[in-house]
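Letters A, B, ... mirror the listed sequences (proteins, then strands); counts begin at 1. All heavy atoms count here, side chains included; hydrogens, waters and symmetry mates do not.
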Amino acid sequence: MQQKSKMIGLFAAMSVVGGAAWAGPDEDQLTINGEIAIVTETAAPEHMANVKTIYSGWRFRSDETQAVQMDDFDNPGMLGVENALVDWETADGSEGKSCASCHGASEEMAGVRAVYPKWNEEKGMVTTLEMEVNNCRETRMGAEKWKYTGSDMTDMVALISSVSRGMPVNVAIDGPAQSTWEQGKELYYTRTGQLELSCANCHEDSYGMMIRADHLSQGQINGFPTYRLKNTKLNSVHARFKGCVRDTRAETFSPGSAEFIALELYVASRGNGLSVEGPSVRN
Amino acid sequence: MNYGLGLGVAAVFAATTALAEAVKPTEVVFVDGAVEVSLSGQAGDPAAGAEIMNKGAGNCIACHQVTNLAHLPFHGEIGPTLDGVADRWSVPELRGIVANAKLMFPESRMPSFYKTEGFVRLGDAYTGKAHGDGEVQPLLTAQQIEDVVAYLVTLKEE
């Protein structure tokens, strides 16, 4: 016994220190509730010059973390979806309306998550789902705006995502959205902070590798909002971006800023073809 | 007794003058990516260097594997293993790589540990806030660079 545990210890040390075998993505397949098939690997969209195949972040997580997302009863992110279902039906604001008053059942939102961020003709800009939710609250319901990364908002985005699960991400990058997309691309490749690292340095040049205890994924956002076991809550896209920029010892952009809207459009477009997965589970 | 005291004072004096003579990050002379002289004017301490490999602003094993540090968990894979690194590089080269790896390896993902200018959106450490007007400190001090180099020198295979 003593001998055996020593051996295991030795092997563990060797696999950490020994030859840097490229570890991951793994080969697992994702089906949610035994019925929603999720595409976690597909050919990269044409606009990506340096990557051939794109993978969902799910493929880089441990078997234990992966399992939590495979059944809605286990997925703690679904509690946020349930909270949002209450808000969906509850009238708020001076107009006495709820989301349901105008949109009917939440399932009517199927397909919406997959195409956002998206050009909004009336506003003359690219908008995110969060901005559309607040637009409804302010102009159609006469209700207070929700905080961009607050839990009401993130829960609602999780609800809207959940009814699109399994549909392919398909954001438009041409036409009026193109200049915003270009701005996002520029940000993705800019090295920031005292560590001088760009999104691409970690999520394009180094995915599949370990950075200390973290297994680097491609930094895809098809799974957002993500329930993180680390902070035990649903996390929005812009909150994640903020954390990653901060980790380069840089001054971050604010959630909802023009820069993060552009970056979200660009990063979303790097996932065109993967399935919508939110609310997903990550560590 | 008196004599002993005098020696102690002299040693402290020597240390402070040496500190004052540390080469500023903006004044380091790189020749083909290498730095000939000690940045702090002092020898490095390999034991202190080993600490920096693991923790704080160094955290070298976030990206590098080092068999000599196998007792510490989670070595990263972004850079090459540092086993035998002293067989591959001279001391001035190692000093240059740690101070500013991008001069030896253009476009490297390795951070520049002794650099204070030319950053985009420099933050105040890991707060996410802007750095502000204060003097920018390099990721490692001159002495910490020397300590890390002194540790790297021990990584020989031949």
Heavy-atom neighbours of [X] [atom1] exceed 12 at 6.0 Å:
| X | atom1 | result |
| --- | --- | --- |
| Asp32(B) | CG | no |
| Glu132(A) | CD | yes |
| Lys115(B) | NZ | yes |
| Glu186(A) | CD | no |

Check: Of all of Pro80(B), Ala125(B), Pro138(B), which one pairs up most often with chain A through heavy atoms under 4.5 Å apart?
Finding: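 Highest number of heavy-atom pairs under 4.5 Å: Ala125(B).
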May I ask you to test the [X]-[Y] pair for a side-chain heavy-atom distance under 4.5 Å?
| X | Y | answer |
| --- | --- | --- |
| Val120(B) | Arg191(A) | no |
| Pro111(B) | Glu196(A) | no |
| Thr192(A) | Leu122(B) | no |
| Arg246(A) | Thr127(B) | no |
| Leu195(A) | Leu139(B) | yes |

Notebook entry, point to check: When only heavy atoms count and the cut-off is under 4.5 Å, which of residues 250-262 of chain A reach chain B?
Noted result: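 If one takes a 4.5 Å heavy-atom cut-off, the residues of residues 250-262 of chain A near chain B are Ala250(A), Glu251(A), Thr252(A), Phe253(A).
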Can you measure from [atom1] ([X]) to [atom2] ([Y]) and round to the nearest 0.5 angstrom?
| X | Y | atom1 | atom2 | answer |
| --- | --- | --- | --- | --- |
| Phe74(B) | His215(A) | CZ | NE2 | 13.0 Å |
| Met210(A) | Cys63(B) | CE | SG | 11.5 Å |
| His75(B) | Ile211(A) | NE2 | CD1 | 14.5 Å |

In terms of heavy-atom proximity below 4.5 Å to chain A, should [X] be classed as side chain, backbone, both, or neither?
| X | answer |
| --- | --- |
| Glu117(B) | neither |
| Lys102(B) | side chain |
| Thr116(B) | neither |

Checklist line | Side-chain donor-acceptor pair present, Ser206(A), Arg109(B), cut-off under 3.5 Å | finding: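 Short answer, yes.
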Margin query: I'd like to know which of Val245(A), Asp205(A), Thr248(A) tops the heavy-atom pair count under 4.5 Å against chain B.
Written below: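 If we count pairs closer than 4.5 Å to chain B, Asp205(A) comes out on top.
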Next item on the list: Might you point out which heavy atoms bring Phe119(B) and Gly193(A) nearest each other, and give the distance in Å?
Entry: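 Distance-wise, the nearest heavy atoms are CD2-O, 3.5 Å.
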Notebook entry, point to check: Is chain B contacted by the side chain of Thr190(A), its backbone, both, or neither, given a heavy-atom distance below 4.5 Å?
Noted result: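 Looking at Thr190(A), just its side chain touches chain B.
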Next item on the list: Examine whether an atom of Asp214(A) lies under 4.5 Å from a heavy atom of chain B, and if so say whether it belongs to the side chain, the backbone or both; otherwise answer neither.
Entry: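 For Asp214(A), there is no contact with chain B at all, as no heavy atom is under 4.5 Å.
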Checklist line | Test side chain to side chain contact (heavy atoms under 4.5 Å, CB included) applied to Ile78(B) and Leu216(A), step by step | finding: CA-CA 10 Å; Ile78(B) 314 263; Leu216(A) 280 168; 3.7 Å; yes
